[in-house]
> 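Let me begin by handing over the structure; questions about it come next.
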Amino acid sequence: MADTFNYRIDHQGSLVRPAELTAARAAGDPEALKEAELQAVKDAVVLQRKLRSTVVTDGDFPREDFRSAVFDGVSGFRRTDETDADGLVRWVAESLPKANGPLLADWAARLTELTVIAPKASLPSPAYLAATTFRPGHGPSSARELGEALAEIVLAEIELLVSRGVRLIQLNNPLLLGQLATDPADPGALSFEDALAVDALAVRLDERPEGVRIGVAPGPVAPAAVDWARAEKLYGTIGADRWILPFDQGTPAELALVKALPEGRDFCLGVVDATVPALEDIDTVMAGLDAVGEFKDLEDGAVAPSRGFADVASRPLLTTEEQRRKIELVETVARYVWGNEF
């Protein structure tokens, strides 16, 4: 798939929210919040241009967390008072979901007005949402049924995003890599096979205009070991153009995830750890990419931080300055690998 549209310098979507936006959200004035969100997105675009990113996002600034595009724009879910270990509020599906309008397309259209850099949008995958919101006796008959309904909504949104000029769309399913272990954990509400089938439905875009990529981020951390057959099933079932894979810990499992990827698929490697302030040694990063180059065409590759910097708005992983240094390092790595020809 090597071409000129691989968006070498990427990031996972969420950025640390500026203090002004956080204050506006806490104040509770809807109009003031709307203004603060728009200004924050404009500033984020300028930042990404300065950092020479080859894609631009809205930083998830208009949203509470990485799932909110769906929960804010789709009926059928109930918010609870519970949170998980990552600070994510738990939601429960009480009926089959129905979209109330565009989820991200309006914000994406604003991005196309602010810059000529390729707009990127990130959505939670339908399988992830189904696995984490299904509860027996609360509406949908099964997590699979819920997931399939969500997949139709996500696919329709992808089609709308592409029509609005978005060229890179990332689906986030943080649960998938955990199911690639030699001895996988209990999958809970949605089996591995069902999860793959559901997410496959969401990426089945019949026609992709030139330069469009649909990517899947299957999790920020590689398992201790990778079952090769399950990895092949993952890549073979979900017809994504691009796989966003962790590559910041230097483990054999990270290398195995890339090696199992079919020829011709894009891969974006998370080469810097978005959870710690310390900068990676660039020689170590380059040695890892050299190892990948022994069995993959790096022309199909890109680099990024390992995950979003603030997938939950209220729980940023780094400061804005630490975030900037991490993205600058990603840009440096990209130029070491591919020169200035993006």
Side-chain angles (χ1 to χ4, degrees), residues 10-45 47-48 55-80 83-84 86-93 97 99-112 114 119-126 128-129 132-133 150 153-154 156-158 160-161 164 166 168-174 202 215 217 220 244 274 305 307-318 320 323:
D10 195 0
H11 72 84
Q12 300 263 3
S14 67
L15 296 171
V16 177
R17 275 57 163 185
E20 296 81 2
L21 177 56
T22 302
R25 182 162 283 124
D29 180 342
E31 289 304 313
L33 176 58
K34 188 180 297 185
E35 277 188 36
E37 287 174 343
L38 182 55
Q39 186 58 52
V41 170
K42 289 179 178 178
D43 293 343
V45 170
L47 172 67
Q48 290 168 88
V55 298
V56 65
T57 79
D58 64 12
D60 268 346
F61 287 169
R63 291 170 283 283
E64 181 182 15
D65 63 56
F66 78 97
R67 311 161 303 168
S68 296
V70 172
F71 291 143
D72 290 347
V74 174
S75 61
F77 296 97
R78 175 176 59 83
R79 184 188 181 106
T80 75
T83 57
D84 67 12
D86 296 319
L88 288 168
V89 174
R90 296 190 187 278
W91 291 72
V92 176
N100 300 320
L103 307 182
L104 291 176
D106 291 342
W107 278 104
R110 290 188 178 97
L111 290 178
T112 64
L114 294 172
K120 173 181 177 177
S122 297
L123 286 160
S125 91
Y128 172 77
L129 292 174
T132 54
T133 64
L150 284 163
I153 292 171
V154 170
E157 183 68 13
I158 289 174
L160 182 58
L161 287 166
R164 299 281 181 90
V166 175
L168 182 57
I169 298 160
Q170 176 176 320
L171 295 186
N172 295 305
N173 188 337
I244 301 95
R307 59 186 301 165
F309 289 100
D311 287 340
V312 181
S314 61
R315 296 184 65 168
L317 301 175
L318 298 177
T320 53
Q323 170 185 263

> Taking all non-hydrogen atoms of both residues into account, name the closest pair between A202 and I158 and its distance.
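Answer, listing the atom of A202 first, then I158: O-CD1, 3.2 Å.
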> Spell out, as yes or no, whether a donor-acceptor pair under 3.5 Å connects the side chain of S122 to the backbone of Q12.
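Side chain of S122 to backbone of Q12: a pair is present.
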> Would you say that L168 contacts D10 through its side chain, given a criterion of any heavy-atom pair below 4.5 Å between the two side chains?
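In contact.
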> Donor-acceptor pair, E157 side chain versus I153 backbone, under 3.5 Å?
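Answer holds: no.
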> Kindly write out the residues that satisfy side-chain hydrogen bond (donor to acceptor under 3.5 Å, both in side chains) with E64, not counting sequence neighbours, or none if the list is empty.
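If we apply the side-chain hydrogen bond (donor to acceptor under 3.5 Å, both in side chains) test to E64, skipping adjacent residues, the hits are R79.
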> Applying side chain to side chain contact (heavy atoms under 4.5 Å, CB included), run through L129 and W91 and close with a yes or a no.
CA-CA 9 Å; L129 292 174; W91 291 72; over 6 Å; no
> State, yes or no, whether a side-chain contact exists between Q48 and V55 at a heavy-atom distance under 4.5 Å.
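No, too far: nothing below the 4.5 Å cut-off.
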> For the side-chain contact (heavy atoms from CB on, under 4.5 Å) test, which of T112, D106, L104 pairs with R164?
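Output: one option passes, namely D106.
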> Tell me the closest heavy-atom pair linking P126 and V154, and the distance in Å.
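Closest heavy-atom pair between P126 and V154: CD-CG2, 4.2 Å.
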> Rounded to the nearest 0.5 Å, how far apart are CG of L123 and CG of L161?
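The distance works out to 6.5 Å.
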> Spell out, as yes or no, whether a donor-acceptor pair under 3.5 Å connects the side chain of R110 to the backbone of K42.
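No, because the side chain of R110 does not come within donor-acceptor range (under 3.5 Å) of the backbone of K42.
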> Under the criterion side chain to side chain contact (heavy atoms under 4.5 Å, CB included), I'd like the reasoning laid out for V41 against L111: C-alpha separation, chi angles, the key distance, then a yes or no.
CA-CA 8 Å; V41 170; L111 290 178; 4.0 Å; yes
> Does S125 have any side-chain hydrogen bond (donor to acceptor under 3.5 Å, both in side chains) partners at least two apart in sequence or in another chain, and if so, which?
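Here the qualifying residues are N173, D199.
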> Would you mind reporting whether L38 and K34 have side-chain heavy atoms less than 4.5 Å apart?
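With C-beta onward as the side chain, the pair stays apart.
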> Considering non-hydrogen atoms only, spot the tightest contact between L160 and P102 and give its length.
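Closest approach of L160 to P102: CD2-CB, 3.8 Å.
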> For F61 versus R25, what's the shortest heavy-atom pair and its separation?
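In terms of heavy atoms, the two residues are closest at O-NH2, 3.1 Å.
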> Before giving the answer on salt bridge (charged side-chain N to carboxylate O under 4.0 Å, His left out), spell out for R63 and D58 the whole-Å C-alpha distance, their side-chain angles and the decisive distance to 0.1 Å.
CA-CA 10 Å; R63 291 170 283 283; D58 64 12; 2.5 Å; yes
> Under a 4.5 Å cut-off applied to non-hydrogen side-chain atoms, are D60 and F66 in contact?
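Side chain of D60 against side chain of F66, heavy atoms only: contact under 4.5 Å found.
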> I'd like to know whether L15 forms a side chain to side chain contact (heavy atoms under 4.5 Å, CB included) with F309, so could you lay out the CA-CA distance, the side-chain angles of the two residues, the decisive distance to 0.1 Å, and finally the verdict.
CA-CA 5 Å; L15 296 171; F309 289 100; 4.2 Å; yes
> Minimum heavy-atom separation for A69 to L103, with atom names?
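Answer, listing the atom of A69 first, then L103: O-CD2, 3.6 Å.
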> Within the structure provided, determine whether V89 and T83 are in side-chain contact (heavy-atom separation under 4.5 Å).
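A side-chain contact exists here, since the closest heavy-atom pair is under 4.5 Å.
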> Return the orientation label for the F77 and F71 ring planes: parallel under 30°, perpendicular over 60°, tilted otherwise.
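Perpendicular, since the angle between the ring planes exceeds 60°.
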> Can you give me the closest heavy-atom contact between L317 and A274, atom names plus distance?
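Heavy atoms only, the tightest pair is CB-O, 3.5 Å.
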> With distance as the sole test, does D86 use its side chain to make a donor-acceptor pair with the main-chain N or O of L88 at under 3.5 Å?
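No; zero donor-acceptor contacts below 3.5 Å.
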> Do the side chains of D65 and D311 get nearer than 4.5 Å, heavy atoms only?
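Sidechains of D65 and D311: no contact.
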> Tell me, do V56 and L114 make a side-chain contact under 4.5 Å, heavy atoms counted?
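No, side chains not in contact.
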> Whether the side chain of Q170 engages the backbone of G13 through a donor-acceptor N/O pair (distance < 3.5 Å, no angle test) should be reported.
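Side chain of Q170 to backbone of G13: no pair is present.
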> Got V166 and P119 here, is their nearest side-chain heavy-atom distance under 4.5 Å?
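Yes, side chains in contact.
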> Just verifying a value: how many Å separate L150 CG and T133 OG1, rounded to the nearest 0.5 Å?
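The OG1 atom of T133 is 6.5 Å from CG of L150, to the nearest 0.5 Å.
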> Is there a donor-acceptor contact under 3.5 Å from the side chain of R307 to the main chain of P305?
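Side chain of R307 to backbone of P305, a donor-acceptor pair under 3.5 Å: no, none is there.
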